[in-house]
Enquirer: 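Pasting a structure here, questions to come.
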Amino acid sequence: MKVIDLPIPEPLKKSYTVRGIEALYPPQDEAVRSGIFEGKNLLCAIPTASGKTIVAEMAMHRQVAEGGKCLYIVPLRALATEKYEDFSGKGLSVGVATGDLDRRDAYLGRNDIVVATSEKVDSLLRNKAQWLAEITLVVVDECHLIGSEDRGATLEMVIAKLRHNNPQIQVIALSATVGNPGALAGWLDAELVTSEWRPVDLREGVYWQGQIHFDNHTRKIPAGSKDDDLNLCLDTIAEGGQCLVFVNSRRNAEAFAKRAASKLKLSETTLESAADRIDRGASTELGRTLARCVKGGAAFHHAGLAAAERHEVEDGFRKGAIKVISSTPTLAAGLNLPARRVIVRDYLRFSQGGMVRIPVGEYKQMAGRAGRPHLDPYGEAVLIAKRENDREGLFETYIEAPPEEVHSQCNAENALRSHILSLITTGFARSRTDVLAFMETTFYAYEHQGRRSTIQETVERVVDDLVAAEMIDELDGWLEGTKYGNLVSRLYIDPRTAEAIVDGLRQRPPYADVGVLELLCETPDMLTLFLRKDDYEFVDRFLAERRDELWTGVPYGYDDLEGFFQSVKTTMLLLNWAEEVTDEMICERFNVGPGDIHNKVETAVWLIHATSRLAHLFSPELEEPIAELEIRVKHGIKRELLPLIKLRGIGRVRARRLFNAGLTTPEDLKAAGVRKLSPVLGEKIAARVVAQAGGKVEEIPDAETVDEPIPETPVEHQTSLSAFGGTENE
DNA sequence: GCAGCGTGCTTCTAGACAGCATGTC
DNA sequence: CTAGAAGCACGCTGC
């Protein structure tokens, strides 16, 4: 089918033809024929990179042309940004909503297309964003994640809620290939399009002793070094391609990149700039190591990297300057970063109890990254066999194996507790019968139709729990959220987290930073740091001094000493951060990367906020000190910098510099004036700051500093992110 | 006596969603 | 269960 013949708006057609897209790929063709333009539901289960996004995009434009509004649900923030950029500039207005990125709520709904993470959509539903009622098409990207143990239930409930609100809503679900697409399609009342077709040929093989064995031929790999994994890389690079290597630990990723960098011997100098930028921005050993690798044309990628470092690596690879990335699973499901050859070096992954094979679906996900459309003649995915019998075995377990089936996670009590609370607080259900009726519309019920299921018992038990926890009132068979329950639902915290916090607050302990933080680190919403052997002593020394400040008390016995120590270690990291310990020191002390600090801080800020709101209900005298702690942890500052941090453009580094120069309040800055501040802050920032403090800024003509109107592009929430670059670069 | 190397033992291990307030020159 | 890389202490070897 030709693009010009499609019933889609002109600007979109043009954006395709400009990019050289003139005809649809076969699976896209089939999707169009299945009736997406007539409002039919669709499950499109086709390989990575075979054009799923365009299918959804065409349908969205068509919907908007007919007066509709679209919601595009993704699993990751990075993906939300990617899709936002993808959809922008083609004639429709696009917005993004994720936890750290959004347009102000009311304006968000003015867009034709809103891209959001599943949790954000759930949160918007809980907070009753009115515009959600206007959605006529919802696209569910990576919908196989319904089967994910930790987040699948959320996605499933969100879909069910949206369909409940508007039974006419069109649903387009996109997925990599799954074992049971029929079941998912059945639940969604969707047409099913499956295909193995790919725009670039994908060859999957197993490497063993100098050769890649494909199903009907082999390929010799020159032995340039003693390492097989490296040889596979060098081979691809020698013929002008790029390589993605998946390994199972951060240490392995770093070690591989170092080895690759030393062997690559590139002549180009285009890397210098990226390497220099990383090096200049790096305030940690990790960053400096990365810079050295990048200089050699190789990079590693994992969640310990600072955001800026990740972007440098991704951009450098896209531009072709970086030839190889060794990565933990961060890149497997994340951004679209294709490479000619994908090497799945480690197919075993550590889990408590031993090494476990990665799922087939995850292998397919990684393999699917091989081959860049229009750029590579073909893509290769290579598993490395470590012993003779793996040569055959890996073919069977991965290459020829069908992907896993997707099953509902909606019968898990822990997931249901939170979702049932939200059903009741938002009025989806007003009785136990209602709750069960709603659950009947889920994929879980669809999968268990005609079979005995335990969902009713689970629901009853969960409702009992919520009533006992005073989050729900039950009167004459009617269920209603209490003030407390409503708050918990809207704060989007796990009810168990809320209970733990409220238990802590109700004891009315004397306020202590340590007490609050440790309490949060004990909740299921906070993932704690890994505990190494030497950490026991490290943590114990801290406890010896400050155990009196704990709100939870030191547990008796040795039942869960490890869990407790993990929480205390995480508490220590957060305290260090709020006491202005440098990221370099924190990384060294806790064996983490800057990205880890950011993640821990972000989660902690969210939970501290929730705690202060809960304190308002249960222990009002604690609300204010907790709110103050929230600001301190958010920015990573001691109490004395609180007045300065209120100014925009001032983060932990600049505030500290001003304070040390004797300027401790906005009034001081106003009195000092732009001229005196410029040496400390730079002229531009100085002007901005003085303007905010109420001073005159005659020196600067363009004082467009005060407050911007509605931003055209999404704004990043003010977080302490800027502090992660270490030194400021303005 | 000591640098350099090999051996064997110990240690360690991926990722990442979510809140909020909102009027105005 | 289905592991393997890196770091380290130690001891041997060769000069």
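By convention in this document, chain letters (A, B, ...) are assigned in the order of the sequence lines, proteins followed by strands, and residues within each chain are numbered from 1.
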Enquirer: Want to settle it: does A:Ala255 or A:Ser351 sit nearer the 5' end of DNA chain C, counting the closest nucleotide to each?
Expert: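 Looking at DNA chain C, the more 5' nearest nucleotide goes with A:Ser351.
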Enquirer: May I ask you to say what A:Arg126 touches in the nucleic acid, namely base, sugar-phosphate or nothing, with a heavy-atom cut-off under 4.0 Å?
Expert: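 If one applies the 4.0 Å heavy-atom cut-off, A:Arg126 turns out to touch nothing in the nucleic acid.
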Enquirer: Could you check whether A:Ser118 gets within reach of a base, just the sugar-phosphate, or nothing at all, counting any heavy atom under 4.0 Å?
Expert: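 The answer is nothing, as A:Ser118 stays clear of every strand by at least 4.0 Å.
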Enquirer: For B:dT24, give its Watson-Crick or G-U wobble partner with both distances under 3.5 Å, or none.
Expert: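 For B:dT24, the partner nucleotide comes out as none, under the 3.5 Å rule.
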Enquirer: Roughly, in whole Å, what's the span from CE in A:Met355 to C1' in B:dA14?
Expert: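 One finds 11 Å between C1' of B:dA14 and CE of A:Met355, rounded.
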Enquirer: Look at the side-chain N and O atoms of A:Arg77 and state whether any lies under 4.0 Å from the OP1 or OP2 oxygen of B:dA18.
Expert: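 Yes, A:Arg77 has a side-chain N/O under 4.0 Å of OP1/OP2 on B:dA18.
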Enquirer: Should A:Lys120 be listed as having a side-chain N or O under 4.0 Å from OP1 or OP2 of B:dA18?
Expert: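 Result: no.
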Enquirer: Tell me whether the OP1 or OP2 atom of B:dC12 has a side-chain N or O from A:Arg532 closer than 4.0 Å.
Expert: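 For A:Arg532, the contact criterion (side-chain N or O under 4.0 Å from OP1 or OP2 of B:dC12) is met.
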Enquirer: Atom CG of A:Leu305 and atom P of B:dA16: how far apart are they, to the nearest Å?
Expert: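 So the two atoms are 11 Å apart, to the nearest Å.
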Enquirer: Of all the choices, B:dA14, C:dA3, B:dA18, which nucleotide is nearest to the side chain of A:Thr328 once you look at every atom?
Expert: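 My answer, after comparing the listed nucleotides, is B:dA14.
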Enquirer: For C:dA5, does either OP1 or OP2 sit under 4.0 Å from a side-chain N or O belonging to A:Arg345?
Expert: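 For C:dA5, neither OP1 nor OP2 has a side-chain N or O of A:Arg345 closer than 4.0 Å.
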Enquirer: Counting only side-chain heavy atoms from C-beta out, which of B:dC17, C:dA3, B:dG15 sits nearest to A:Arg250?
Expert: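 Looking only at side-chain atoms, A:Arg250 lies closest to B:dG15.
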Enquirer: Kindly point out which of B:dA18, B:dC12, B:dG19 is positioned nearest to the side chain of A:Lys533?
Expert: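 Selected nucleotide: B:dC12.
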Enquirer: Over all strands shown, is A:Ile493 touching base, sugar-phosphate only, or nothing at heavy-atom distances under 4.0 angstrom?
Expert: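 Contact class for A:Ile493: none.
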Enquirer: Rounded to whole angstroms, how far apart are CZ on A:Phe590 and C1' on B:dC12?
Expert: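 Those two atoms, CZ and C1', are 18 Å apart.
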Enquirer: Are more than 12 heavy atoms, taken from residues, nucleotides or ligands other than A:His616, located less than 6.0 Å from that residue's NE2 atom?
Expert: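 It does not: A:His616 NE2 has 12 such atoms or fewer within range.
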Enquirer: Run through A:Tyr398, A:Phe395, A:Phe246 and flag the one making a ring-ring contact (aromatic ring centres under 6.0 Å, His included) with A:Tyr363.
Expert: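 So, applying the ring-ring contact (aromatic ring centres under 6.0 Å, His included) to A:Tyr363 and each of A:Tyr398, A:Phe395, A:Phe246, only A:Tyr398 qualifies.
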Enquirer: With respect to A:Ile608, which candidate in A:Ile501, A:Leu520, A:Thr603, A:Leu519 satisfies the side-chain contact (heavy atoms from CB on, under 4.5 Å) definition?
Expert: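 Going through the options one by one, the only one that passes is A:Leu520.
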Enquirer: Between atom CG in A:Asn252 and atom P in B:dT13, what is the gap in whole Å?
Expert: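 My rounded result for the distance is 12 Å.
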Enquirer: Of the listed nucleotides (C:dT2, B:dA16, B:dA21), which one gets closest to any side-chain atom of A:Arg357?
Expert: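 Taking heavy atoms from C-beta onward, the closest nucleotide is C:dT2.
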Enquirer: Any side-chain heavy atom of A:Asp390 sitting closer than 4.5 Å to one from A:Arg387?
Expert: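 A:Asp390 vs A:Arg387: side chains touch.
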Enquirer: Can you say whether a donor on the side chain of A:Glu119 sits under 3.5 Å from an acceptor on the base of B:dG19, or the other way round?
Expert: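 Checked by distance alone, the answer is no.
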Enquirer: Considering heavy-atom distances to DNA chain B, does A:Thr330 or A:His609 have its closest nucleotide positioned more toward the 5' end?
Expert: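 Counting from the 5' end, the first nearest nucleotide belongs to A:Thr330.
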Enquirer: Rounded to whole Å, how long is the line connecting atom CG of A:Leu125 with atom C1' of B:dA18?
Expert: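 It is 14 Å, rounded to the nearest whole Å.
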Enquirer: Looking for any heavy atom pair under 4.0 Å, which part of the strands does A:Tyr492 touch: base, sugar-phosphate only, or nothing?
Expert: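 Touches sugar-phosphate only.
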Enquirer: Sort out the partner of B:dC9 for me: Watson-Crick or G-U wobble, both distances under 3.5 Å, none otherwise.
Expert: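 With both distances under 3.5 Å, B:dC9 matches C:dG7.
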Enquirer: Return the nearest nucleotide to the side chain of A:Pro329; candidates are B:dG15, C:dA3, C:dA6.
Expert: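 Per side-chain heavy atoms of A:Pro329, the pick is B:dG15.
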Enquirer: Whole angstrom is fine here: how far is it from CD in A:Glu602 over to P in B:dA18?
Expert: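 After rounding, the reported distance stands at 8 Å.
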Enquirer: Check the distance between C:dA5's C1' and A:Lys258's NZ and give it to me in whole angstrom.
Expert: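 For the pair A:Lys258 NZ and C:dA5 C1', the rounded distance is 12 Å.
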Enquirer: How is A:Glu254 classified with respect to the nucleic acid when contacts are heavy atoms under 4.0 Å: base, sugar-phosphate, or nothing?
Expert: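 No contact.
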Enquirer: Side chains of A:His301 and A:Leu337: does their closest heavy-atom pair fall under 4.5 Å?
Expert: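 They are not in contact (no side-chain heavy atoms under 4.5 Å apart), so the answer is no.
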Enquirer: Ignoring hydrogens and geometry, is there a side-chain-to-backbone donor-acceptor pair from A:Glu254 to A:Phe300 under 3.5 Å?
Expert: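 Judged by distance alone, no pair lies under 3.5 Å.
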Enquirer: Using purine N1 to pyrimidine N3 plus N6-O4 or O6-N4 for Watson-Crick, or N1-O2 and O6-N3 for G-U wobble, both under 3.5 Å, which nucleotide pairs with B:dC17?
Expert: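 Across all strands, not a single nucleotide pairs with B:dC17.
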Enquirer: In terms of heavy-atom contacts, does CD of A:Glu400 have more than 12 from other residues, nucleotides or ligands at under 6.0 Å?
Expert: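 More than 12 heavy atoms, drawn from other residues, nucleotides or ligands, come within 6.0 Å of this atom.
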Enquirer: When you measure from the side-chain N and O atoms of A:Asn248 to the phosphate of C:dG4, is any distance below 4.0 Å, counting only OP1 and OP2?
Expert: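 Checking C:dG4 against A:Asn248, no side-chain N or O comes under 4.0 Å of OP1 or OP2.
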Enquirer: Please tell me which of A:Ala303 and A:Ser123 maps to the more 5' nucleotide of DNA chain B, matching each residue to the nucleotide holding its nearest heavy atom.
Expert: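 Closer to the 5' end of DNA chain B: A:Ala303.
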Enquirer: Could you tell me which nucleotide pairs with C:dT13 by Watson-Crick or G-U wobble geometry, both distances under 3.5 Å, or answer none if nothing does?
Expert: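 Pairing partner, where one exists within any strand: B:dA3.
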Enquirer: Under the 5.5 Å and 30° test, is A:Trp606 stacked on the base of B:dA18?
Expert: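 Per 5.5 Å and 30° rule: yes, stacked.
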Enquirer: Atom CG of A:Leu607 to atom C1' of B:dC20: distance rounded to whole Å?
Expert: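 So the CG-C1' distance, A:Leu607 to B:dC20, works out to 14 Å.
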Enquirer: Taking only the side-chain heavy atoms of A:Leu491 (C-beta and beyond), determine which of B:dT13, B:dG19, C:dA3 contains the nearest atom.
Expert: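 That would be B:dG19.
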Enquirer: Please give the distance between the P atoms of B:dC20 and C:dC1 as a whole number of Å.
Expert: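 B:dC20 and C:dC1 have their P atoms separated by 45 Å.
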Enquirer: For the base of B:dG23, is there a side-chain donor-acceptor partner from A:Tyr107 under 3.5 Å away?
Expert: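 Indeed there is one.
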Enquirer: Quick check: A:Phe565 with A:Tyr536 (ring centres under 6.0 Å apart)?
Expert: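 Here the rings of A:Phe565 and A:Tyr536 have centres that are less than 6.0 Å from each other.
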Enquirer: Choosing from C:dA5, B:dA16, B:dC12, which nucleotide comes nearest the side chain of A:Leu76?
Expert: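 Output: B:dA16.
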Enquirer: Among the nucleotides C:dG4, B:dA18, B:dT13, which one has an atom lying closest to any side-chain atom of A:Phe530?
Expert: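 Shortest atom-to-atom distance from the side chain points to B:dT13.
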Enquirer: Under 4.0 Å between a side-chain N/O of A:Thr154 and OP1 or OP2 of B:dC17, yes or no?
Expert: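 The answer is no; no side-chain N or O of A:Thr154 sits under 4.0 Å from OP1 or OP2.
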